[in-house]
Asks: 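I am attaching a structure below and will ask some questions about it afterwards.
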Amino acid sequence: MCALSFVISRYLRALMNLDIKSLLTGEKTDIQLTVRGWVRTFRNNQFIALNDGSTNQNLQVVVDFNWFDDALLKRITTSACISASGKLVASQGKGQQVELIADTIEILGDSDAEKYPLQPKKHSLEFLREKAHLRFRTNTFGSVFRLRNALSYGIHKFFQERDFVYMHSPIVSASDAEGAGEMFRVTTLDISKTPKTEDGNVDFSQDFFGRSTNLTVSGQLEAELAAMALGKVYTFGPTFRAENSNTTRHLAEFWMIEPEVAFNELKENADLAEEMLKYVIRYAMEKHADDIDFLDARLADEEKQKPLQERQEFSLKEKLNFVLDNDFERITYTEAIKILLDSPAYKKKKFQYDVKWGIDMQSEHERYLVEKHFKKPVIVTNYPKAIKAFYMREDEGCEPGFETVAAMDILAPGIGEIVGGSQREERLDRLEQRMKEMHIPTEEMFWYLDLRRFGTCKHAGFGLGFERLVQFVTGMGNIRDVIPFPRTPKNCEF
RNA sequence: UCCUCCUUAGCUCAGUUGGUUAGAGCACAUGACUGUUAAUCAUGGGGUCCCCCGUUCAAGUCGGGGAGGGGGAGCCA
């Protein structure tokens, strides 16, 4: 008897575990089952639009109000969590293939309709940002976060299929020499009365780690160490920058993917980045075609509100397909500058900032190259040495005054820099000299230099800003809308 | 950090040259209806007009300061 009930309960659970996405295919009908989810709307005292997060499509649960207690029906409010059991049948109505004729409904979690802040209508993204704990329950954020997940998995899948080793780089870092930006201090000292050294500075020898520590701004240097033994590695973890950046493209806490490959040179590095981007975009689009469709329509709707000249040339889907179907444009920095100097925009003095060889290109320049000139992702390589990081490999045979390094940035339409990478300087003497020039303490970085002392080799890698990738794929304009709980200057709610 | 715009009901927004009791749609409540698709119809409740100071007989409206938010720039991924 016990065994029988066990088998029955297993069978029932198998039925119960069907999510709404799979039920809506219409492959299974005339079966008895239970669904659980959150009420989106309750129309006509008769039709519940039930959502369980598996898709933006709702399952229509049909209620015969003559059979149910009025008190129960009153509790079926927007965002209430319910369990509904009944028979899944072909729908009599037009809007959906199947519907569930409810025998029993259980309220799992009430939702006071008067107090619940979200309505079955379009809300502004700004408003939802202030309700970040509830915005998962909207179609837009449902789609965004399912796609974020698919992109995340797609990245692991891409690297794992190519036998890369996933490496966890440290979150707490003692190095403040990475030069990637302002850092958040990590300390257990009582900040209201910090211990002081004789010369009046904070005595970090009494701190938890016995030295000054910060949150990581990059896992790259550590990834290089691993790549020099494991060959192909990647990191994928949180990254922290204490810059006072208030833009649609910056977060104080974000996730970054940093592959590092021994023996790779600049071109192979660019190949890897392009292949990876195409792979993960394709994966996410195939996995969640319906979410892409939803966001595509959403964006098209939003574009309609804008004046003609401000509208995007491509829809979201057109943009993504275009990226998949075409090679990224590859140009050197020197060529990019030449294009800018020859451009009508430059000749008509449309640029706010001047263009000449040696400048760090401004947003307006990058946008011109990507959005006006090439109209697709562009890989710009071989930047001037003077504007790039110390660890980038100096190019051979440069004209004096025009020294470049083996750097590469991938610029994406609408987002700007999505990938930044380089071939690393593997020659000890060159690296030491460069660090001295840039006042980077070589003693503290002994471990990084040791790599060049003991079996050095050419290697290359890049950093991909994960949220910028999610922005690109979802078409979301503000980076705060592609991470569940954004951390930005003056904002650490939730 | 700089430039710029915004802040009026739970949400989205209107509010004229400063003038009586600040409006609409949606949401919510009550009722009607019952195969709806953000259901519909009727009725109703709901306001620190972001805050402070000032000008004025009179401020949602004008001036100054502040706070919060959006967009752009810089820095970057």
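What's counted below: heavy atoms across the whole structure, side chains too, no hydrogens, waters or symmetry copies. Throughout, a chain's letter reflects where its sequence line sits, starting with A, and its residues are numbered from 1.
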Asks: Name all residues meeting the salt bridge (Lys or Arg N to Asp or Glu O under 4.0 Å) criterion together with A:R129; count only those two or more places apart in sequence or in a different chain, and write none if there are none.
Replies: A:D481
Asks: Sequence neighbours excluded, which residues qualify as ring pair (Phe, Tyr, Trp, His ring centres under 6.0 Å) partners of A:F127?
Replies: A:H123
Asks: Hey, do the aromatic rings of A:Y368 and A:F351 have their centres closer than 6.0 Å?
Replies: yes
Asks: Using Watson-Crick and G-U wobble pairs with both distances under 3.5 Å, what is the 5'-to-3' dot-bracket string of RNA chain B, with [ ] for crossing pairs and | for pairs outside the strand?
Replies: (((((((..((((.....[...)))).(((((.......))))).....(((((..]....))))))))))))....
Asks: Suppose the criterion is side chain to side chain donor-acceptor pair (under 3.5 Å): which pairs have a residue in residues 89-99 of chain A, not counting sequence neighbours?
Replies: A:Q60-A:E99, A:S91-A:Q96, A:S91-A:E99
Asks: Determine the Euclidean distance between corresponding P atoms of B:rU30 and B:rG66; express it in Å to zero decimal places.
Replies: 47 Å
Asks: Would you mind listing every salt bridge (charged side-chain N to carboxylate O under 4.0 Å, His left out) that reaches into residues 355-369 of chain A, with sequence neighbours excluded?
Replies: A:R367-A:E371
Asks: I want to confirm an ordering. Mapping A:G465 and A:G477 to their closest nucleotides on RNA chain B, which one lands closer to the 5' end?
Replies: A:G477
Asks: Starting at atom CG of A:L125, determine the distance to atom C1' of B:rU12, rounded to an integer number of angstrom.
Replies: 13 Å
Asks: B:rU48 and B:rU16: how far apart are their C1' atoms, nearest whole angstrom?
Replies: 26 Å
Asks: Does the distance from a Lys or Arg side-chain N to an Asp or Glu carboxylate O, for A:D271 and A:K267, drop under 4.0 Å?
Replies: yes
Asks: Do A:R137 and A:N51 meet the criterion of a side-chain donor-acceptor pair at a distance under 3.5 Å?
Replies: no
Asks: Within the structure shown, what part of the strands sits under 4.0 Å from A:I418 by heavy-atom distance: base, sugar-phosphate, or nothing?
Replies: sugar-phosphate
Asks: Here's a test of your reading of the structure: between A:L464 and A:R480, which maps to the more 5' nucleotide of RNA chain B?
Replies: A:R480
Asks: Between B:rA9 and B:rC49, how far apart are the C1' atoms? Round to whole Å, please.
Replies: 10 Å
Asks: Describe the nucleic acid contact of A:F42 in one word from base, sugar-phosphate, nothing, applying a heavy-atom distance below 4.0 Å.
Replies: nothing
Asks: Using OP1 and OP2 only, check whether a side-chain N or O of A:T248 sits under 4.0 Å from B:rG72.
Replies: yes
Asks: Rounded to whole angstroms, how far apart are CD on A:E417 and P on B:rC76?
Replies: 9 Å
Asks: Side-chain donor or acceptor of A:H123 under 3.5 Å from a matching atom on the base of B:rC11?
Replies: no
Asks: Please list each protein N or O that sits under 3.5 Å from an N or O in nucleotides 1-5 of chain B, with the distance.
Replies:
unit_1 : atom_1 : unit_2 : atom_2 : d
B:rU1  : OP1    : A:N244 : ND2    : 2.8
B:rU1  : O4     : A:N244 : O      : 3.4
B:rU1  : O4     : A:N246 : ND2    : 3.0

Asks: Just checking, any donor-acceptor pair under 3.5 angstrom between side chains of A:Y391 and A:E224?
Replies: no
Asks: Could you give the distance separating B:rA22 and B:rA59 at their P atoms, to the nearest angstrom?
Replies: 14 Å
Asks: Please check the phosphate of B:rG72 (OP1 and OP2 only) for any side-chain N or O of A:R249 closer than 4.0 Å.
Replies: no
Asks: Using atom C1' in both nucleotides, what's the gap between B:rC28 and B:rG47 to the nearest angstrom?
Replies: 16 Å
Asks: If the P atom of B:rC5 is compared with that of B:rC62, how far apart are they to the nearest Å?
Replies: 14 Å
Asks: Quick one: which residue pairs count as a ring-ring contact (aromatic ring centres under 6.0 Å, His included) with a foot in residues 462-485 of chain A, not counting sequence neighbours?
Replies: A:F136-A:F485, A:F236-A:F466, A:F485-A:F494
Asks: Suppose you measure atom C1' in B:rG45 against the same atom in B:rA29; what distance do you get, rounded to whole Å?
Replies: 7 Å
Asks: At under 4.0 Å between heavy atoms, how does the protein contact nucleotides 30-36 of chain B? Give one character per nucleotide, 5' to 3', with B, S or -.
Replies: SS--BBB
Asks: OP1 or OP2 of B:rC28 versus the side-chain N and O atoms of A:Q119: is any pair under 4.0 Å?
Replies: no
Asks: Whole-Å distance between B:rG69 C1' and A:R129 CZ?
Replies: 9 Å
Asks: Rounded to the nearest Å, what distance is computed from the CG atom of residue A:L118 to the C1' atom of nucleotide B:rC11?
Replies: 10 Å
Asks: For the pair A:R148 and A:E467, find out whether any cationic side-chain nitrogen is under 4.0 Å from an anionic carboxylate oxygen.
Replies: yes
Asks: Rounded to the nearest Å, what distance is computed from the NZ atom of residue A:K131 to the P atom of nucleotide B:rA27?
Replies: 19 Å
Asks: What is the distance, to the nearest angstrom, from the OH atom on A:Y353 to the C1' atom on B:rG72?
Replies: 11 Å
Asks: Between B:rU4 and B:rU56, how many Å separate the two P atoms, rounded to a whole number?
Replies: 30 Å
Asks: Among residues at least two apart in sequence or on other chains, which ones pass ring pair (Phe, Tyr, Trp, His ring centres under 6.0 Å) with A:Y234?
Replies: A:H156, A:F159, A:Y166
Asks: Of A:D291, A:T474, A:T138, which is the lone residue that meets side-chain hydrogen bond (donor to acceptor under 3.5 Å, both in side chains) with A:S143?
Replies: A:D291
Asks: Search all heavy atoms of A:V419 against all heavy atoms of A:M408 and return the closest pair with its distance.
Replies: CG1-CE, 3.9 Å
Asks: For the residue pair A:S212 / A:R185, report whether a side-chain donor-acceptor contact shorter than 3.5 Å exists.
Replies: yes
Asks: Could you tell me which residues satisfy ring pair (Phe, Tyr, Trp, His ring centres under 6.0 Å) with A:F68, sequence neighbours excluded, listed by chain and number?
Replies: none
Asks: As a test of reading the structure: which of B:rC75, B:rC28, B:rC11 is closest to the side chain of A:A113, going by heavy atoms?
Replies: B:rC28
Asks: Measure CZ/A:R75 against P/B:rC28 and give the value in whole Å, please.
Replies: 18 Å
Asks: With sequence neighbours excluded, tell me which residues meet ring pair (Phe, Tyr, Trp, His ring centres under 6.0 Å) with A:H459.
Replies: none
Asks: When we call it a touch if two heavy atoms are under 4.0 Å apart, what does A:F254 touch: a base, just sugar-phosphate, or nothing?
Replies: base
Asks: Show the distances under 3.5 angstrom between N or O atoms of the protein and N or O atoms of nucleotides 41-47 of chain B.
Replies:
none

Asks: In whole angstrom, what separates A:E366's CD from B:rG72's C1'?
Replies: 15 Å
